> 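Provided herewith is a single structure, encoded as structure tokens, for subsequent inquiry.
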Amino acid sequence: MKPEQQLELLTPHPANVVTDEQLLEKLRQGRPLRIKYGADPSAPDLHLGHSIPLRKLKQFQELGHQVIFIIGDFTGRIGDPSGRTKTRPILTDEDIQANAQTYVEQVGQILDTDRCEIVYNSSWFSDMTTTELLNLASQYSVARMLERDDFALRLKNEVSITVLELLYPLIQAYDSVAVEADVELGGTDQLFNFLVGRDIMRSYGQEPQVVMTLPLLVGTDGKQKMSKSLGNYVGITEPPGEMFGKLMSIPDRLVFDYDRLLLDPDNKVVPTLPPNVPVDGIFKYMAQNPRDVKADLAEAVVAMYHSPEAATRAREEFDRVFAAGQQPSEMPEIVITNADLEDGRIWIIDLIMQADFGNSNSQARSLVRQNAVSINDEVITDEMAEVEVASGDVLRVGRRRFARIQIQSR
RNA sequence: GGAGGGGUGCCCGAGUGGCCAAAGGGAGCAGACUGUAAAUCUGCCGGCGAUUGCCUUCGGAGGUUCAAAUCCUCCCCCCUCCA
């Protein structure tokens, strides 16, 4: 494909590129470009936020370019002592190996991993001499480093920054040197690091990489960026029903972002709009109930990561349970043994705890008190209740937690 | 190295001898209303027991006291300024 066409394909709206001209120039060299993507070895659960850069990588791949995954095991091994929130444990080699493997497996959902180059950055850092490291450190100034947004913020808020953290961007930048990246790709929050990469590559006599940043996906809470630790994510390996439900719970206005960032051009659920439609008027323009558009979106996303059939089923199931108020067709089982029963009865709190629907008796009690607990659609109001249970009974806690009771004699 | 400020529950943050399981806010959970949306209202929000009870918690370890998050000693960590 001609370089100009490639550029057009690669850089429609979402991407921010430094710079288009340089990318075009690289494309014109007519060789497969080396596309760098860095991965954190501590978080093997990939979610829809990750899918944005990954899908872009796939595009590059389909155009015949070489994708290089860098597993940041070196820094993972050192362990970053900062984050005074939680001292994150230093990862062992086994952890890293295992994480990297799950990571690659999950990436395989989107990309052809056989055609990716997968490298560990320890392979060049563990042999680096102190002299070399110091030399690297001398290539950049503290002032410039502190320009970084979050550093500036932490400085202002009197939160400590370790020297290691200060060095982090350099470590990452050196990765680009090591793999001779032509393009580095990631979320917009990586812009600073990527730009440091350009400078460092110049210092090492290389042609600076082109930097391509993609928008971050807002999480299901509608507030913060999607991340595993915030619990507002939709994992790309989650079961269809789970995915569908989570997508239904996003605030309406996110539909447009999700549609734009997660779906392929040929399966959009939001039509191309005339230029003067305000954001809050889009649903009106579409003449559709926001809820239905959201369901279309959820179905489209599930179809991408599972199958159209699975997506349809997830939607039907969802409608049955939440619109029609019926029980889900499948639910986990809890096994109660005879030993737990007295005259075929069990304390409701015990039952909830056995089903793992409460963190503590106190919490379970409070759920009962708040009318959140029912058996076979009959609400339990008394926290001291000894309920009679039989196999096949359905325990429900809150809106969405169901379990089928199975009595087992022992 | 010197001077000062600080470490409180998931997070932020008040409390400076008893009325403190610890204000307030946020997050979370549940209920009402709904469309597993938003907004709003209500309740819960350390654990165990249960109508006023017990146990564990305020950086760590000791100590003073009838009684400590609050006072004393030592230690650890963070921040600011000076060098």
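Each chain gets a letter, A, B and so on, in the order its sequence line appears, and its residues count up from 1. Source: prediction; values computed, not measured.
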> Any strand counts, and the cut-off is 3.5 Å on both contacts for Watson-Crick or G-U wobble. Which nucleotide pairs with rG1(B)?
rC82(B)
> Would the base of rU36(B) count as contacting R399(A) through its side chain, where contact means a donor and an acceptor less than 3.5 Å apart?
no
> Is I407(A) close to L341(A) at the side-chain level, that is, under 4.5 Å between some pair of heavy atoms?
yes
> Could you tell me whether F357(A) and F402(A) have their ring centroids closer than 6.0 angstrom?
no
> Should the side chain of D252(A) and the base of rG35(B) be counted as holding a donor-acceptor pair, with the cut-off at 3.5 Å?
yes
> Name the pairing partner of rA22(B), where a pair is Watson-Crick or G-U wobble with both distances under 3.5 Å, or state none.
none
> With the side chain of N361(A) defined as its heavy atoms from C-beta on, choose the nearest nucleotide among rC48(B), rA50(B), rG35(B).
rC48(B)
> Would you kindly give the CD-to-C1' distance between E383(A) and rC48(B), to the nearest whole Å?
13 Å
> Would you call the rings of F318(A) and F244(A) parallel, tilted or perpendicular if under 30° counts as parallel and over 60° as perpendicular?
tilted
> Go ahead and name the base partner of rG17(B); Watson-Crick or wobble counts if both distances stay under 3.5 Å, otherwise write none.
none
> Does a side chain donor of either S366(A) or Q363(A) reach within less than 3.5 Å of an acceptor in the other side chain?
no
> Looking only at atom P, what distance separates rC78(B) and rG24(B), rounded to whole Å?
33 Å
> Tell me the partner of rG43(B), counting only Watson-Crick (N1-N3 plus N6-O4 or O6-N4) or G-U wobble (N1-O2 and O6-N3) with both under 3.5 Å; none if nothing fits.
rC29(B)
> I want to verify a distance call: between rC48(B), rA38(B), rC29(B), whose nearest atom is closest to the Q363(A) side chain?
rC29(B)
> Just name whichever nucleotide pairs with rU52(B), Watson-Crick or G-U, keeping both distances under 3.5 Å, else none.
none
> Which nucleotide, rU36(B), rA50(B), rA30(B), lies nearest any side-chain atom of A372(A)?
rA30(B)
> rU57(B) pairs with which nucleotide, Watson-Crick or G-U wobble, both distances below 3.5 Å?
none
> What is the nucleic acid contact for L254(A), judged by heavy atoms within less than 4.0 Å: base, sugar-phosphate only, or nothing?
nothing
> Please name the nucleotide paired to rU64(B) by Watson-Crick or G-U wobble geometry with both distances under 3.5 Å, or report none.
none
> When you measure from the side chain of Q370(A), which nucleotide among rU36(B), rA30(B), rA50(B) comes out closest?
rA30(B)
> Out of rA38(B), rU36(B), rA30(B), which has the shortest distance to the side chain of P251(A)?
rA38(B)
> So, are D199(A) and R144(A) salt-bridged, with charged N and O less than 4.0 Å apart?
yes
> Closest to the R365(A) side chain: rG43(B), rA50(B), rC29(B)?
rA50(B)
> Considering only the C1' atoms, how many Å lie between rU8(B) and rA69(B), rounded to the nearest integer?
7 Å
> Starting the side chain at C-beta, find the nucleotide from rU36(B), rC48(B), rC29(B) nearest to L367(A).
rC29(B)
> Just compare rA30(B), rU36(B), rA50(B) and give me whichever is closest to any side-chain atom of S249(A).
rU36(B)
> rA37(B), rG49(B), rG31(B): which one has an atom nearest the side-chain heavy atoms of W347(A)?
rG49(B)
> Given the side-chain rings of Y174(A) and F125(A), with only the six-membered ring counted for Trp, is the space between their centroids under 6.0 Å?
yes
> So what does K294(A) touch, heavy atoms closer than 4.0 Å: a base, only the sugar-phosphate, or nothing?
base
